[in-house]
Amino acid sequence: MDPLLGVKIGCLAGLLVVPLLCGLIPAQVQWFQINMARGKHRRILSFIGCFAAGVFLGACIMHMVADALGDIKAEIEKRQQQGPLVLKQNTTSEGDDSEGYPFGELIISFGFFLVFFIESVVLSCCPRAVHSHGDSEAHDDHKGTPESHSSFRAFVLFLSLSFHSIFEGLAIGVQKEDTGAIQLCLAVLIHKAIVAFSLALKLVQSGTKARWRLLYLVVFALMSPVGIAIGIGVSLSDSDGSGLAQAVLEGVAAGTFLYVTFLEILPYELRSHESPLIKFSFIGFGFFIMAVIAIWA
């Protein structure tokens, strides 16, 4: 067996097992059930939730949006070199060096409004689908507790993260050197383990049933290995693949994640009654972790 292929298969196995184990901790351990928590226990879970929100904020801005913008720009430039585009970049007679129309931002915005539209339709047809699944109104002990995440938005969160994971795996699968594959795999492994933990925590907070939580986590864990397998196939066949389609899909996924991060996750955590400075510290720490990982991943 080719040593490089063996390294990639090892990366595939690691990216399947480790994130799944990290996700099962909050998904299966009852200690993480915030509806059952009281006093100090609830405060700790709130701070863990703030850290998870910072992780998602960092994953959104430093990874998904940055990757999508870079890939879309690269694909547009590649096609400009190959031939004229129908929508050429804007230039001025004075030699303005602006980069022209922001196609990447437009595609990401499309993903944002796509989820906004779908949620609006779902809300109109089935209001209970996006309402709180928590029981804070039923118990005096839970007064002042922020509403839980909606099941629909939790599903969108899972879907966008899973989609992004495919492209992370794809980047590993097309590597041409052992060291590059291992370095990228380690960065993605740390990133995905933290995100898997945070995703499981949000699924618990949304009131998602245990069997669905397990299914979501298994599918999420499988996405990076699937991407690696696709990347291996592409590298073996020496095919360029549909780079523009991949970049566009990644941009749409980034837009959906942007919507869930800013309209669901952050507002939920900021509505809790813990110290604003402590919440800021934990959200900032989560973002800092993802920003550091972005150096390698």
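- Taking each heavy atom of Leu201 and Ala52 in turn, the nearest pair found is CD2-CB, 4.2 Å.
- Ile278 has its side chain out of reach of Arg43: every pair of non-hydrogen atoms, C-beta onward, lies at least 4.5 Å apart.
- Here the straight-line distance linking atom CG of Leu270 with atom CZ of Phe280 works out to 11.0 Å at 0.5 Å rounding.
- To the nearest 0.5 Å, atom CG of residue Leu222 and atom CG of residue Leu217 are 11.0 Å apart.
- In this structure, CG on Leu16 lies 10.5 Å from CE on Met223, to the nearest 0.5 angstrom.
- Between atom NZ of residue Lys78 and atom CG of residue Asp71 there is a gap of 9.5 Å, rounded to the nearest 0.5 Å.
- Within the 4.5 Å cutoff, side-chain heavy atoms of Val195 are placed close to those of Val55.
- Connection of Ile166 to Phe257 is established within a shared hydrophobic cluster, with ILVMFWY side chains joined at heavy-atom distances below 4.5 Å, either directly or through further cluster members.
- Looking only at side-chain heavy atoms (C-beta outward), Trp212 and Leu203 stay at 4.5 Å or farther from each other.
- Nearest approach of Leu189 to Pro19, heavy atoms of both residues: CD1-CD, 4.2 Å.
- The aromatic rings of Phe47 and Phe282 lie parallel to each other, with less than 30° between the two planes, well short of the 60° mark.
- For the residue pair Ala154 and Thr208, the shortest heavy atom distance occurs at CB-OG1, 4.4 Å.
- Cys50 and Ile283 get closest at one heavy-atom pair: O-CG1, 3.3 Å.
- For Phe51, the ring pair (Phe, Tyr, Trp, His ring centres under 6.0 Å) partners two or more places apart in sequence, or in a different chain, are Phe285.
- With Cys185 as the fixed residue, the side-chain contact (heavy atoms from CB on, under 4.5 Å) test singles out one of Ile172, Leu12, Ile190: Ile172.
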Requested in this report: Take Ile265 and Leu57, measure what side chain to side chain contact (heavy atoms under 4.5 Å, CB included) needs, and give me the verdict at the end.
Outcome: CA-CA 9 Å; Ile265 295 173; Leu57 181 62; over 6 Å; no

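- Every residue was checked against the ring pair (Phe, Tyr, Trp, His ring centres under 6.0 Å) condition with Phe110, not counting sequence neighbours, and none meets it.
- The closest side-chain heavy-atom distance from Phe112 to Leu263 is below 4.5 Å.
- Side chains of Cys11 and Ile228 form a contact here, defined as non-hydrogen atoms less than 4.5 Å apart.
- Here the straight-line distance linking atom CZ of Phe197 with atom SG of Cys22 works out to 8.5 Å at 0.5 Å rounding.
- Applying the ring pair (Phe, Tyr, Trp, His ring centres under 6.0 Å) test to Phe287 and every residue at least two apart in sequence or in another chain returns nothing.
- A 4.5 Å side-chain heavy-atom check between Ile76 and Phe103 finds at least one atom pair inside the cut-off.
- Here the straight-line distance linking atom CG of Leu199 with atom CZ of Arg213 works out to 11.0 Å at 0.5 Å rounding.
- The hydrophobic cluster containing Leu21 also includes Val17, under a criterion of side-chain heavy atoms closer than 4.5 Å among ILVMFWY residues, counted directly or through chains of members.
- Within the 4.5 Å cutoff, side-chain heavy atoms of Leu45 are placed close to those of Trp31.
- Between Tyr259 and Thr256, the closest side-chain pair of non-hydrogen atoms is not below 4.5 Å.
- Hydrophobic clustering, with ILVMFWY side chains joined whenever heavy atoms are under 4.5 angstrom apart, groups Leu69 together with Leu114.
- For Ser165, there are no side chain to side chain donor-acceptor pair (under 3.5 Å) partners at least two apart in sequence or on another chain.
- Taking each heavy atom of Phe158 and Tyr216 in turn, the nearest pair found is CE1-O, 3.2 Å.
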Item to complete: Evaluate the criterion side chain to side chain contact (heavy atoms under 4.5 Å, CB included) for residue pair Leu24 and Leu214; output intermediate values, then yes/no.
Response: CA-CA 8 Å; Leu24 287 175; Leu214 182 60; 3.6 Å; yes

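- Side-chain N or O atoms of Lys192 include one that pairs as donor or acceptor with a backbone N or O of Phe220 at under 3.5 Å.
- Panel note: side chain Thr261, backbone Leu258; no donor-acceptor pair is recorded below 3.5 Å.
- Residues Ser46 and Glu269 come closest through the heavy atom pair O-OE1, 3.8 Å.
- Applying the ring pair (Phe, Tyr, Trp, His ring centres under 6.0 Å) test to Phe113 and every residue at least two apart in sequence or in another chain returns nothing.
- Residues Glu274 and Arg42 are not paired through a salt bridge, judged by the lack of any N-O separation under 4.0 Å between the basic side chain and the carboxylate.
- If you run side-chain contact (heavy atoms from CB on, under 4.5 Å) between Val115 and each of Leu159, Val252, Val156, only Val156 comes through.
- No side-chain N or O of His63 forms a donor-acceptor pair with one of Glu168 less than 3.5 Å apart.
- One hydrophobic cluster, built from ILVMFWY side chains closer than 4.5 Å, cannot hold both Ile182 and Val18; they sit in different ones.
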